[in-house]
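What follows is a single structure, written as structure tokens, with notes after it.
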Amino acid sequence: MPNKKTTDKTVVNSVRSARTSKAIAQDFAEHLKYDADADIFHTTQEGRYEALANTIRDRIVHQWNKSRKTQRAKNAKHVYYLSLEFLMGRAMTNNINNMGIMDQVTEALKSLGYTYEELADVEPDAGLGNGGLGRLAACFLDSMATLEIPSYGYGIRYNYGIFKQLISNGYQFEQPDNWLRYGNPWEIPRSDVAYTVNFGGKVQHFRENGREMYKWVDTDKIIGMAYDMPIIGYGGTTVNTLRLWSAKAVEDFSFQDFNEGDYTQAVRDKVTAENISQVLYPNDTQYLGKVLRLKQQYFFVACSLADIVRRFKRKFTDWKEFPNQAAIQLNDTHPSIAVAELMRILIDEEGLEWDEAWEITKATLGYTNHTLMPEALEKWPVPMFEELLPRHLQIIYEINNRFLKFAVSFFPTANAENLNAIRKISIIEESNPKNIRMANLAIVGSHAINGVAALHTELLKNYMFPEFRTIYPEKFQNKTNGITPRRWLLSANPGLSSLITDAIGPQWITDASQLSKLSAFATDPAFAEKFAKVKYENKKNAAHFLQKDCSIIVNPDSIFDVQVKRIHEYKRQLLNAFNIVLLYQKIKNDAAFASSFKPVTFLFGGKSAPGYVNAKLSIKLINSIATVINNDPAVKDKLRVHFMPNYRVTMAESVIPATNISEQISTAGLEASGTGNMKFMLNGALTIGTLDGANVEIQEEVGPENCYIFGHTEDQIAALKGHYSPWDFINRDDEIRSAVELLRRDFFNINEPGAFDALLHEILDCGDRFFIFADLRMYADRHQEILDLYNNNFSDFNRKAILNVACSGKFSSDRTIKEYAEQIWGAKPCHVTLNTSAHSVLADAHKHAK
Ligand code: 26Q
């Protein structure tokens, strides 16, 4: 029987948990007033955003708590996704949509005279990643929560995420991204969840009770403190956690130094310690060998493993149970020091014998490889490692000794080939100085190694790690990447989402294979017309976004042809640029061609690593070409080229739904998977691409007639190597030759003659490492085919676009995560019941007090 008091309590608490628009409006107004001590009539946009975020957060907390409790009570196996990058983007719209309360929120704000969009627009992107690998981690968190798999993402709470890209005079400039400047309403600081991390010092060796013992002593210490962000599964039942570590000095500052009058020294140690979580390294593909990066890696691995072990030990004493309770996935080699750290914990701290510790370690860890570029393979100089992590170095040497002894049996005769094989698989590279090869460590220390697309996995097995494949054939698996349809269709493209739901119902949101039902609508004239209309509206929205974001004016009546991704030679933005020059020449020189040419807008976006000279020069080249073309009255309104500064998740969410042609044109064999390709397909763009990464599987799903593949295949590229010269292709093609001449004559850079000499020298005289000219003619022809189709037979183009959406189901990260869960993690869904009714916190508190 509820007494009068409880009834009161229910009323009070309903404001923070009830999901009616009225309760949301009231909670919002209270946050607005009380959080910021604000006069309701004088709040800022920022203040209103924060109040709304806090209002949403109120509605998350209960289910978050409940998820954690349920998952632990059931002793469910947890998945731990260790990644130095989580490219989350904004949280607000995603959280509201996944909780299913967008209508109520919109209405609540409207009742108070605000619009949802203007508040949502205040949120900065959480840009804690470089590109594909970081965004994949974010999509995986969404899918794990939606599939109700108990899981934690573990990473670093960088104070500065990926830099903000400015373009000035066509060149990229970098600016720090202080994303936490106004605080982060989505994170909960957990000052009670903190671990000490050791660095440096030395190892003491002694015997105790007949056992060899090792003690790591005289270390420098840093504290890692947890900040938690909620990861809400679709439907709002399971709420998992992204736990990010922030480095804190053990002591705030040295009183001794302070008292002795050395004020600067007093705070210097604190600053040095806290440097660890300051900034995300903005390079991908090229490892740098910077000691701070190694410190970041160990710092977050040590905190995460300590956290996992603590959780395990709260309920279990038998270490054999550990692999049944925890699956730890290593997102590339960046967290691969986990192999040695888990061994150290089990042996030095928990007292296990080597063999038992080794079996547990292997059974717990899995490693995902994301690259085929040899220069991206991480290795750390042994002297650096020894100074920072002396005990881990010993453990790695011991792992290697035992591994090599075992491996020799696969290469028994001591011939040159076999000796070379052994040299290649050794975790220690016998260079001067010696290096630790992190990929080799991860392979030896994991039970499963996976590539991220079918082709990539084959190339991994056959070219990158063939010796490991001989030794451990059972360890290698493929897990083709995926993307979350919640963010990339439901939230980013509400127009298309409603159209799809009206046609086939809402099941596609959690079962993307349902999208195949759209095939039946591809030739339905009413549906096709609505589909084209949605695309057009999305173009207008994107035009609006671009005008506001970077003052770029685009024509929504033109074809949108988009290449957005990190700027890299292997991704071949230059191939795209050369084709644009070909089109430009043809419009200028061929009147018949020009008169029938319909408007096309070429959009580029992406960041270059700050030190990557050729990538930076290609940004400048694109901008130079854009300036000339956009200002040439001869091509006016037909050809437009724009480089969109500061490409990021939020820009992707606006531009991808508006795209007609998706550019996926890497040199075959070099793009591990690509995930942008999947986002475009899901939003109804046609792909023009090489047979690389997941493009291969996209073509398989949608059929070759609905996907524009061109160029040398991976094995044809391999066969070209050694005797390829770009001039063979340039000289036999007049249009290409004159495009090259145009560039060589500084046509696009009359004000900065010679600006592209180095770049042109690289591709024309140094062998064109990425085979631009080998593919350019095929690319140009294929591209023209798509333009012709759009302009001469739009309904067929539109039909193909619909079929792309219909066939994209495979590329849901839900499918990917199910495969990981079943084939690598052995993790199962753990159902959490949903409680959306008003919840009485005070009643709980009273219960607890009794
Ligand atoms: C390594 C050492 C030191 C500093 C930085 C790094 C570093 C950082 C990021 C190395 C690589 C990365 C990122 C790689 C990446 O994003 N790879 C992409 O992963 C996607 C998801 O699997 C694939 O779809 C892409 O094909 C792949 O390029």
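Whatever order the structure lists them in is the order used to number ligands and atoms, beginning at 1.
- Both cation-pi conditions hold for Arg157 and Tyr227: the charged atom is under 6.0 angstrom from the six-membered ring centre and inside a 45 degree cone around its axis.
- For atom 6 (C) of ligand 1, the nearest protein heavy atom (residue, atom name, distance) is Arg293 NH2, 3.5 Å.
- A cation-pi arrangement, defined by a distance under 6.0 Å to the six-membered ring centre and an angle within 45 degrees of its axis, is present between Lys607 and Phe163.
- Salt bridge annotation for Arg566-Asp284: present, with a cationic side-chain nitrogen under 4.0 angstrom from a carboxylate oxygen.
- With Ser143 as the partner, the side-chain hydrogen bond (donor to acceptor under 3.5 Å, both in side chains) test is satisfied by one option alone out of Thr816, Asp814, Thr484: Asp814.
- Under 4.0 Å from ligand 1, the heavy atoms of His334 that appear belong solely to its side chain.
- Asp284 CB, 3.3 Å is the protein heavy atom nearest to atom 12 (C) of ligand 1.
- Nearest non-hydrogen protein atom to atom 16 (O) of ligand 1 is Leu133 N, 3.0 Å.
- Set against the non-hydrogen atoms of Ala672, the atoms of ligand 1 under 4.0 Å away are 26 (O).
- Side-chain contact between Trp380 and Arg293 is present, with at least one heavy-atom pair separated by less than 4.5 Å.
- Among protein heavy atoms, atom 8 (C) of ligand 1 sits closest to Asn283 O, 3.1 Å.
- Counting the atoms of ligand 1 from 1 in the order shown, those under 4.0 Å from a heavy atom of Glu378 are 2 (C).
- When only modelled atom types and interatomic distance are considered, Asn614 and Glu569 share a side-chain donor-acceptor pair under 3.5 Å.
- Ligand 1 has a nitrogen or oxygen under 3.5 angstrom from a nitrogen or oxygen of Ser673.
- Contacts between Asn481 and ligand 1, counted as non-hydrogen atom pairs separated by less than 4.0 Å, involve the side chain only.
- Under a 4.0 Å heavy-atom criterion, Gly674 is in contact with ligand 1.
- Considering backbone and side-chain N/O atoms, His370 comes within less than 3.5 Å of an N/O atom of ligand 1.
- For the residue pair Gln664 and Asn677, no side-chain donor N or O sits within less than 3.5 Å of a side-chain acceptor on the partner.
- With salt bridges taken as basic N to acidic carboxylate O contacts below 4.0 Å, none links Lys818 and Glu822.
- Salt bridge status for Lys164 with Glu174: absent, with no side-chain N to carboxylate O gap under 4.0 Å.
- For Tyr570, a nitrogen or oxygen atom sits less than 3.5 Å from a nitrogen or oxygen atom of ligand 1, counting backbone and side chain alike.
- If you look at Val452 next to ligand 1, the close heavy atoms, those under 4.0 Å, all belong to the side chain.
- The option with the heavy atom closest to atom 25 (C) of ligand 1, from among Met678, Arg566, Glu671, Lys479, is Glu671.
- Put simply, part of Glu85 is less than 4.0 Å from ligand 1, judged by heavy atoms.
- Atom NZ of Lys616 has more than 12 neighbouring heavy atoms from other residues, nucleotides or ligands inside a 6.0 Å radius.
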